[in-house]
Every structure is written in C-alpha cells, then in structure tokens.
Amino acid sequence: MPVDDEPMTSKPGTIGRLFGLTRGEGPSGYGIYAAVMAVVTLLGVPAQLGLQNLLVREVAAYELREEWALLRGVLHFSFLVVVGMTVVVLVGAGLFALGYGSWFKHEEVTTMLWGLTLLPFLALGGLRGAALRGLRRVTQGQVPEFLFVPGLTVAFVATYLLLRESLTPSRAMAFRAMATVIAFAVGAWLLARALPASWRRFPAEYHARRWLMSTLPLSFAAGVQVLHAQTGIIMLGIFRSSADVGLYRVAVQGAALVAFTLSAAGMVLGPHIARLFVAGERGRLQRMMTWSTRLMLIAALPTAVIFIAFGEEALQLLFGEPYQAASPALAILCIGQLFHAATGAAGLFLIMTGHETDMAMATAVTAALNIVLNVILVPAYGITGAAIATAVALATLKVLLYRTAVRRTGIDSLAIRLVR
C-alpha cells in the first residue's frame with residue numbers, strides 16, 4: 001500500500017491526536033492502521049466459522065428447554081472449532097508473510113504482526129459474547145468489546161502521548177492488542193458467572209453434524225457481511241492512497257455511530273427471536289419486530305441528521321481539518337444506515353429462525369454487487385464512490401432480506417408494516 005510523503009501541517013482534532021496522527025502521519029498513518037484492522041477482521045471470519053449466530057440461537061433454545069447437556073456440548077464444540085480454525089489462519093498468514101513480506105514497508109509489516117495477535121482473542125471473545133447473549137446477558141456480552149477495548153486503548157494511547165508527541169500505527173495496534181487481551185479475560189470471567197450451576201453436572205452431548213452443517217451458511221453469510229463492510233477500504237487501498245483509506249475509515253466510523261443502536265438492538269433481539277419462534281408465539285414476535293424497527297429508526301435519526309447536515313464541522317472538531325474531505329462520504333453512508341434502520345433486523349430474524357441459507361444467498365449477491373460498484377466507482381470518485389457503492393449494496397441487501405423473511409415466515413420487519 002502506498003504511503004503519502006506529503007506532511008500534514010494542519011492541527012489534528014481530538015481523535016486524530018489520540019491515534020497519533022501527527023508529525024506527517026495524518027490520514028496516511030491512520031490508513032495503515034485501518035487497512036490492517038480490515039484484514040484482521042476478514043481473517044476473523046474463517047476463524048469464527050459463523051459460530052456466533054449459531055451460539056446465540058442454540059444457547060437460547062437449550063436454556064429455554066433446560067437441555068444442559070446440549071448447552072455444554074455446543075459451547076465445547078464451538079471452542080474447539082474456533083481454536084483449530086484460528087491456528088490454521090495464523091499459519092497461513094505466517095506463510096504469506098514469509099513469502100511476500102518484502103512487498104510491504106516495515107511499518108506496515110509491524111502493524112500487521114501486532115494485528116494478528118488480536119485474532120485468537122477476537123475469535124474466542126466473539127464466542128463468549130454470543131453465549132452471554134444467548135443466556136440473555138446482553139449487556140455483559142458487550143461490555144468487554146464496547147467498553148474495555150476502546151476505553152483501555154484510548155487510555156494507553158493518551159498516556160503514551162503525555163510522554164511522546166505522536167505514535168506510529170504499529171504502536172497504536174500494539175495498544176489495541178493489549179486492551180483486547182484484558183477485555184477477553186474480563187469477558188471469560190463474566191461468562192463463567194452467567195452459566196447456571198446445574199450445567200456442570202451434565203456430561204456434554206453433541207449434535208456436531210447438525211451444528212457443523214449450520215455453520216457453513218452462517219460462516220459464508222458472516223464472511224460476506226464483513227466483506228460488505230470492508231470492501232470500500234480494501235478497494236481504496238488497491239486503487240487509491242493510504243490517505244484516502246484513512247479518510248474513508250473516518251467516514252465509516254461516523255456512520256457506525258448511526259448504526260450503533262442498530263447493532264445494540266440486534267444483540268438484544270437475537271435470543272428473543274429464537275425463543276419466541278421456538279415457542280410458536282407469532283403475534284408477540286411480529287409486535288417485537290415492528291416496534292424494535294421503529295425504535296431503531298428513531299434512535300438513528302438524530303445522529304444521521306447531524307452528520308448529513310453538519311458533517312464538515314463534526315469531522316473538523318473530532319479529527320481535524322484534513323478529515324473534512326470525508327464529509328460527502330459520511331453523508332452517503334448515513335443515508336444508507338437510515339434505510340438499514342427503517343427495514344429492521346430481517347437478516348438476524350432469518351438466522352434466528354433457521355433460514356440462514358437464505359441469508360447467505362442474499363448477502364452473496366449483494367457482496368458481488370458491492371465489489372463491482374467499488375471497482376467502477378473508486379478509481380474515478382475515490383471515497384465518495386466507495387460510499388455510494390456501499391450504500392447501494394446495503395439497501396439492495398435489506399430489500400432482499402425483507403422480502404425473503406416475509407415469504408418464509410410472514411413476519412414483516414418494516415417500521416411501517418406492509419404485510420397484514
């Protein structure tokens with residue numbers, strides 16, 4: 001990935017300084033950090049093999065039916081699969097580094113090595129969070145990732161910056177790795193406390209074949225979902241500069257604030273969808289889907305409107321003047337997230353009701369669309385083209401998922417119901 005040599009002379013914003021993007025780093029330095037995180041996130045897909053959604057669904061059902069032997073079995077099965085897949089991924093990454101490491105700059109390689117240390121803790125931490133959500137400990141399932149990881153990372157970086165003027169992307173990634181290890185330990189402790197005492201008295205029972213068959217479409221769907229999110233960053237890294245990657249990453253982070261309530265709602269909804277569907281309570285299930293979508297849309301609107309109307313000002317305040325160029329991309333991504341909120345959690349609904357193959361097919365089609373649009377738009381329009389491609393692909397995915405959910409179950413996930 002090319003690194004821009006032109007120094008950034010403008011004063012960085014608050015977040016820009018926390019990531020050490022000063023003294024010539026600017027969006028370029030952040031671009032290296034963002035590109036490595038995108039690669040690590042993609043590598044996490046085969047490592048986790050789609051087991052997070054499987055765990056939420058199965059743990060919720062087993063707890064409802066008090067099938068403790070199967071609950072213990074699915075937790076053990078998931079742990080062994082993730083450990084094995086993580087080893088395979090790390091060995092493959094090591095072989096690639098040995099063969100092609102000379103293609104990259106020293107700072108890029110060092111940042112990637114630190115990023116790879118995240119992989120086992122991200123994969124196993126994802127399983128732990130899924131198990132807690134299945135046990136209806138939604139807040140505990142999210143505390144390590146949403147509180148400890150960013151909080152500790154900022155604390156480490158801020159402490160370092162009290163002693164030094166700036167830090168490199170590799171050091172920022174090292175601090176991220178340290179925070180992730182600590183968060184993993186906290187999450188493991190929370191899961192041990194949440195599991196019912198009676199489950200240890202039962203020998204583990206395995207439905208390995210059925211679980212493994214479910215993980216195939218779930219893993220594929222998870223992979224293309226990550227691809228949806230990271231395609232723009234990867235294509236910008238191929239066709240444009242590291243500075244463009246850094247700018248687009250900032251736009252993605254801003255849009256993620258709009259999507260935060262959607263993700264949080266999905267964490268809560270998953271186990272409840274599985275329970276109500278297993279219990280056959282379709283009326284309650286429909287009401288929950290409708291009202292959850294309305295609440296998600298209401299919660300997403302204020303942040304989206306601020307970023308669409310005052311994107312330049314917000315980016316200058318948070319990141320600094322060089323990042324104002326990301327405001328058009330931020331506005332486009334926010335519009336896409338508003339459409340996402342208005343159509344509800346149809347994809348999660350399909351997974352929790354056993355229609356993961358339909359989810360995988362829809363995501364595959366739109367992932368291909370996303371790649372094609374990025375290839376067409378990014379070389380000519382840069383980060384704005386990447387944002388358009390991502391927003392169009394997301395909207396197309398949501399339409400397909402909504403129609404599939406209605407066809408399969410009759411449940412309407414829109415904020416304003418069309419199916420009665």
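Quantities reported herein were computed from a predicted structural model and do not represent experimental measurements.
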Side chains of [X] and [Y]: closer than 4.5 Å at any heavy-atom pair?
{"X": "L257", "Y": "Q253", "result": "no"}
{"X": "L54", "Y": "L51", "result": "yes"}
{"X": "V154", "Y": "F175", "result": "no"}

| query | More than 12 heavy atoms of other residues, nucleotides or ligands under 6.0 Å from CE of M361: is that the case? | reply | no
Under 6.0 Å from the OH atom of Y381, do we count more than 12 heavy atoms belonging to anything else shown? no
Counterpart residues, side-chain contact (heavy atoms from CB on, under 4.5 Å), relative to [X] (two or more places apart):
{"X": "I376", "result": "V372"}
{"X": "R287", "result": "R284"}
{"X": "R210", "result": "E58, Y62, H207"}
{"X": "V88", "result": "none"}

Enumerate, atom names and distances included, each donor-acceptor pair closer than 3.5 Å involving a side-chain atom of residues 302-315, sequence neighbours excluded.
none

Contacts satisfying ring-ring contact (aromatic ring centres under 6.0 Å, His included) that involve residues 121-142 (not counting sequence neighbours) are F121-F184
Give the table of side-chain donor-acceptor pairs shorter than 3.5 Å for residues 384-394, with sequence neighbours excluded, one pair per line with atom names and distance.
| unit_1 | atom_1 | unit_2 | atom_2 | d |
| --- | --- | --- | --- | --- |
| T390 | OG1 | Y248 | OH | 3.1 |
| T390 | OG1 | A386 | O | 2.9 |

For Q286 and I411 the tightest heavy-atom approach is OE1-CA, 3.4 Å
Taking S170 for its side chain and T111 for its backbone only, find out whether a donor-acceptor pair lies under 3.5 Å. no
| request: Give the intermediate values and the outcome of side chain to side chain contact (heavy atoms under 4.5 Å, CB included) for residues V378 and L236. | output: CA-CA 7 Å; V378 164; L236 285 165; 3.7 Å; yes
| message | Does the plane of the ring in W211 sit parallel, tilted or perpendicular to the ring in F77? Use 30° and 60° as the thresholds. | response | tilted
Quick one: which residue pairs count as a side-chain hydrogen bond (donor to acceptor under 3.5 Å, both in side chains) with a foot in [range], not counting sequence neighbours?
{"range": "residues 119-129", "result": "R128-E145"}
{"range": "residues 176-191", "result": "Y33-R176"}
{"range": "residues 79-90", "result": "none"}

Only one of F156, Y160, W114 passes side chain to side chain contact (heavy atoms under 4.5 Å, CB included) with R171, and that residue is Y160
Taken in chain and number order and not counting sequence neighbours, the residues that satisfy side chain to side chain donor-acceptor pair (under 3.5 Å) with R137 are none
- Task: Quick one: do D244 and F239 satisfy side chain to side chain contact (heavy atoms under 4.5 Å, CB included)? Show the steps, please.
- Result: CA-CA 10 Å; D244 282 333; F239 293 112; over 6 Å; no
Contacts satisfying salt bridge (charged side-chain N to carboxylate O under 4.0 Å, His left out) that involve residues 397-409 (not counting sequence neighbours) are D358-R408
The reported gap from CD in Q337 to CG in L297 (rounded to nearest 0.5 angstrom) is 12.0 Å
